[in-house]
Amino acid sequence: MPKSIESTAIVIDKSLRGEGDLLLSLFSAELGFFNCIKKISKKKTSQQPDFFNLITGNFEKIGASDLRILRDFELLKSNASIAKNYDAFMQASEICRTILKNGKLIEDVGLLYDTLTHALSALDAGANPIVVRTKFVYIFSKQEGYAVKQGFASNLNLQEKSLLQEMLSKPSLNCQVCSQEAQRLLAKFIAWLSANTDIVF
């Protein structure tokens, strides 16, 4: 892998490292899941990457480690509206946590990157957070080769099947479902995945 690579990535986690460094966890179509260090500028007007940001930059590899350095970046999309809605922020965080726990083992990172960007864009636009996360988890598990339709969906009752079909078939912004029922179905789905697949939640 080249020592330095330009890539567009999504910030899925961040934390302070010492007094002057920001440790970022990112996911991109080129690099998949990776961590990098960004120096915190002393200028008050200097912009720093934030949760769910879509950024582009040049990521330099540090020695033999997988850690990279980000010196400068361009913000392409902030997804800032997610932080204004508690439920959207919580579901976006859970989606990113799924990437954090499973991202290093993903083979087709390009597919997952597209799925992640679509999910965050839907949440930023105001779609039902439970619908967005359910759709993300379903698509992600199918991309990983798990027979979720045969193993999970086929064993639901008629009401649950109808609810799942509505969430999966309609654009998230146009999907009007009962959030409580959708939450119960999502919990049931995650329990099934945890028991029957290698996906970690």
Side-chain angles (χ1 to χ4, degrees), residues 5-17 21-41 45-59 66-106 108-141 143-144 167 171-175 179 182-183 186 190 199-201:
I5 187 170
E6 185 173 343
S7 182
T8 298
I10 299 171
V11 180
I12 59 176
D13 196 19
K14 69 169 188 173
S15 60
L16 286 174
R17 183 169 174 172
D21 293 337
L22 196 61
L23 178 62
L24 301 170
S25 295
L26 304 108
F27 197 83
S28 81
E30 295 81 15
L31 295 169
F33 171 81
F34 66 102
N35 293 311
C36 80
I37 294 292
K38 174 74 174 67
K39 291 288 184 184
I40 298 175
S41 174
T45 57
S46 177
Q47 190 177 42
Q48 299 296 336
D50 205 353
F51 290 108
F52 319 131
N53 282 177
L54 180 65
I55 65 172
T56 186
N58 198 283
F59 300 94
D66 292 330
L67 192 64
R68 291 178 176 268
I69 291 178
L70 174 64
R71 302 195 187 280
D72 297 301
F73 74 98
E74 180 184 352
L75 178 64
L76 301 179
K77 190 173 189 293
S78 69
N79 289 316
S81 292
I82 294 176
K84 299 175 183 178
N85 182 306
Y86 176 80
D87 290 335
F89 184 86
M90 293 304 295
Q91 296 307 321
S93 298
E94 290 298 328
I95 287 171
C96 289
R97 188 172 291 113
T98 300
I99 303 290
L100 281 168
K101 292 184 176 181
N102 300 278
K104 290 183 178 180
L105 304 176
I106 303 301
D108 196 334
V109 295
L111 272 178
L112 181 54
Y113 173 80
D114 288 342
T115 305
L116 176 59
T117 54
H118 289 155
L120 293 179
S121 292
L123 289 171
D124 187 57
N128 185 316
I130 297 297
V131 171
V132 173
R133 186 178 171 211
T134 300
K135 187 174 290 190
F136 170 84
V137 172
Y138 191 91
I139 294 172
F140 170 51
S141 56
Q143 289 171 350
E144 288 302 287
M167 288 194 287
S172 298
L173 276 171
N174 300 334
C175 188
S179 293
Q183 178 68 67
L186 174 59
I190 289 176
I199 299 174
V200 180
F201 291 95

Worksheet item: Considering only heavy atoms from C-beta outward, does the side chain of Phe140 approach that of Ile99 to under 4.5 Å?
Response: no
Response to the item:
Nearest heavy-atom approach of Pro49 to Val11 is CB-CG2, 4.0 Å
Worksheet item: Run the side-chain contact (heavy atoms from CB on, under 4.5 Å) check on Leu23 and Ile37 step by step: do they pass?
Response: CA-CA 5 Å; Leu23 178 62; Ile37 294 292; 3.7 Å; yes
Worksheet item: Can we say Lys38 and Asp21 salt-bridge, meaning some charged N sits less than 4.0 Å from an Asp/Glu carboxylate O?
Response: no
Worksheet item: Is a side-chain donor or acceptor of Asn102 paired with a backbone partner of Val200 at a separation under 3.5 angstrom?
Response: yes
Worksheet item: So do the side chains of Gln143 and Ile106 get within less than 4.5 Å of each other, counting heavy atoms only?
Response: no
Worksheet item: To the nearest 0.5 Å, how far apart are NZ in Lys77 and OG in Ser121?
Response: 4.0 Å
Worksheet item: With sequence neighbours left out, what residues match Asp87 under side-chain hydrogen bond (donor to acceptor under 3.5 Å, both in side chains)?
Response: none
Discussion item. Over 60° means perpendicular and under 30° means parallel, so tell me whether Phe51 and Phe89 are parallel, tilted or perpendicular.
Written reply: perpendicular
Worksheet item: Of all residues at least two apart in sequence or in a different chain, which pass the side-chain contact (heavy atoms from CB on, under 4.5 Å) check with Ile95?
Response: Leu116, Ala119, Leu123, Val132, Arg133, Phe136
Discussion item. Ignoring hydrogens, what is the shortest heavy-atom contact between Ala182 and Met167? Give both atom names and the distance.
Written reply: CB-SD, 3.9 Å
Fill in: Interatomic distance, Ile12 atom CD1 to Arg97 atom CZ [nearest 0.5 angstrom]
11.0 Å
Discussion item. What I'd like to find out is whether the side chain of Leu26 reaches to under 4.5 Å of the side chain of Leu31, using heavy atoms alone.
Written reply: no
Worksheet item: At what distance, to the nearest 0.5 angstrom, does CD of Gln91 lie from CD of Gln183?
Response: 6.0 Å
Item to complete: Tell me, please, which residues at least two apart from Asp50 pass side-chain hydrogen bond (donor to acceptor under 3.5 Å, both in side chains).
Response: Lys14
Item to complete: Just jot down the side-chain contact (heavy atoms from CB on, under 4.5 Å) partners of Asp108, sequence neighbours excluded, or say none.
Response: Leu111
Worksheet item: Under the side-chain hydrogen bond (donor to acceptor under 3.5 Å, both in side chains) test, which residues partner Asn53, sequence neighbours left out?
Response: none
Item to complete: Locate the shortest heavy-atom distance separating Leu173 from Gly126; write the atom from each residue and the value.
Response: CD2-C, 3.9 Å
Worksheet item: Who pairs with Gln48 by side-chain hydrogen bond (donor to acceptor under 3.5 Å, both in side chains), at least two apart in sequence or on another chain?
Response: none
Worksheet item: Would a 4.5 Å heavy-atom cut-off, applied to side chains only, mark Ile55 and Leu70 as touching?
Response: yes
Discussion item. Please find the pair of heavy atoms, one from Ser25 and one from Phe33, that lie closest to each other, and give the distance.
Written reply: CB-CE1, 4.0 Å
Discussion item. Working to the nearest 0.5 angstrom, can you tell me the gap between Thr56 OG1 and Asp72 CG?
Written reply: 11.5 Å
Fill in: Intermediate values then yes/no, side-chain contact (heavy atoms from CB on, under 4.5 Å), Asp66 and Phe34
CA-CA 7 Å; Asp66 292 330; Phe34 66 102; over 6 Å; no
Worksheet item: Which value, rounded to the nearest 0.5 Å, describes the distance between Asn128 atom CG and Ser172 atom OG?
Response: 8.5 Å
Discussion item. Please find the pair of heavy atoms, one from Ala92 and one from Phe52, that lie closest to each other, and give the distance.
Written reply: CB-CZ, 3.6 Å
Practice prompt. Give, for atom CG of Leu24 and atom CZ of Arg17, the distance between the pair rounded to the nearest 0.5 Å.
Written response: 11.5 Å
Worksheet item: Does the Asn35 side chain pair with the main chain of Leu67, one donor and one acceptor, at a distance under 3.5 Å?
Response: no
Discussion item. So does Phe201 get a backbone contact from the side chain of Lys101, meaning a donor-acceptor N/O pair under 3.5 Å?
Written reply: yes
